[in-house]
Amino acid sequence: QVQLVESGGGSVQPGGSLRLSCVALASGSGFSTYGMGWYRQVPGKQRELVARISSGGSTNYADSVKGRFTISRDNAKNMMYLQMNSLKPEDTAVYYCNAYTIVVNYWGKGTLVTVSS
C-alpha cells in the first residue's frame, strides 16, 4: 500500500516562501502513473484543492494560489513538490499530499504551514 509523507511545513512571515515535499513510499514502479495533488484545510472549513499534477504533467491550481504556487514532480525519486511564494496569512493551513488512481486515493498525514507576522 502506498504511504505518503509530507515535509517542509513551518512558520513564515507574509511575503515569504516555503517548499513542501511529498514522498510516496512503497509505490514500486507505479508512481509515474499516479495523479498527484496538494490539498489544504483550516478549522471550520472543508478540505480544498490547492494544486494538481497529472501523470502526464498537466497542472491545475486554485484561483487563490495562481501565480504564487508551483506544483512539480520527480518520478525518479517518487517525489512531489509545492513551491509557495508570496505567502499570505490566508494560506495558513494543514497541507496534505494526495495520490489518486482509477480505484483509490491515498493521503498523507499533513504538514502545518503558518503565515503570520
Engineer: Just by modelled atom types, is the Ile71 backbone N or O under 3.5 Å from a matching donor or acceptor in the Arg52 side chain?
Structural biologist: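 No, Arg52 side chain to Ile71 backbone: no donor-acceptor pair under 3.5 Å.
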Engineer: May I ask you to decide if Phe31's main-chain N or O and Ser27's side chain share a donor-acceptor pair within less than 3.5 Å?
Structural biologist: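 No; zero donor-acceptor contacts below 3.5 Å.
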Engineer: Are Asp63 and Lys66 within salt-bridge range, i.e. N to O under 4.0 Å?
Structural biologist: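 The answer is yes: the pair qualifies as a salt bridge.
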Engineer: Mind checking the CG-CG spacing from Leu25 to Asn78? Nearest 0.5 Å is all I need.
Structural biologist: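 Nearest 0.5 Å value for the CG-CG distance: 8.5 Å.
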Engineer: Taking atom CZ of Arg40 and atom CD of Glu48, what is their separation to the nearest 0.5 Å?
Structural biologist: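 Reported value, rounded in 0.5 Å steps: 4.5 Å.
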Engineer: With rounding to the nearest 0.5 Å, note down the distance linking SG in Cys97 to CD in Gln3.
Structural biologist: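 Here the interatomic distance stands at 12.5 Å.
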Engineer: Rounded to the nearest 0.5 Å, what separates atom CZ in Arg73 from atom CE in Met79?
Structural biologist: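 Arg73 CZ to Met79 CE: 12.0 Å, rounded to 0.5 Å.
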Engineer: Between Leu82 and Val65, is there a shared hydrophobic cluster once you connect ILVMFWY residues whose side-chain heavy atoms come closer than 4.5 Å?
Structural biologist: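 Yes; Val65 is reachable from Leu82 via cluster members.
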Engineer: When rounded to the nearest 0.5 angstrom, what is the spacing between OH in Tyr96 and OG1 in Thr111?
Structural biologist: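 It comes to 10.0 Å.
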Engineer: Classify the ring geometry between Tyr106 and Tyr34 as parallel (under 30°), tilted (30 to 60°) or perpendicular (over 60°).
Structural biologist: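 Answer is tilted, since the angle falls between 30° and 60°.
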Engineer: Between Val94 and Gly110, which heavy-atom pair has the shortest distance, and what is it?
Structural biologist: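 The answer is CG1-CA, 3.8 Å.
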Engineer: Using the ring of each side chain (for Trp, its six-membered ring), is Phe69 parallel, tilted or perpendicular to Tyr95, with breaks at 30° and 60°?
Structural biologist: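 Plane angle between 30° and 60°, so tilted.
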Engineer: Please name the pair of heavy atoms, one in Val113 and one in Gly9, separated by the smallest distance, quoted to 0.1 Å.
Structural biologist: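 Val113 and Gly9 have their closest heavy atoms at CG2-CA, 4.2 Å.
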Engineer: Which pair of non-hydrogen atoms, one from Pro14 and one from Ser117, has the smallest distance, and what is that distance?
Structural biologist: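 Of all heavy-atom pairs spanning Pro14 and Ser117, the closest is CD-N, 3.8 Å.
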Engineer: So, for Lys77 and Val23, which heavy atoms are closest and what is the spacing to 0.1 Å?
Structural biologist: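 Closest heavy-atom pair between Lys77 and Val23: O-CG2, 4.4 Å.
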Engineer: If only atom types and distance count, is the side chain of Thr92 paired as donor or acceptor with the main-chain N or O of Val115 below 3.5 Å?
Structural biologist: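 Present.
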Engineer: Measure the spacing between OG of Ser29 and CG of Asn75 and express it to the nearest 0.5 Å.
Structural biologist: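 Taking OG in Ser29 and CG in Asn75, the distance rounds to 11.5 Å.
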Engineer: Transitively linked via ILVMFWY side-chain contacts under 4.5 Å: Trp107 with Leu49?
Structural biologist: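 Yes; tracing contacts between hydrophobic side chains, which count when under 4.5 Å, links both residues.
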Engineer: Would Lys109 and Glu6 pass as an ion pair if we require N to O under 4.0 Å?
Structural biologist: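 A salt bridge is absent here (no side-chain N lies under 4.0 Å from a carboxylate O).
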Engineer: Looking at every heavy atom in both Asp91 and Ser86, which two are closest together, and how far apart are they?
Structural biologist: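 Nearest pair, atom of Asp91 first, then Ser86: OD2-O, 4.5 Å.
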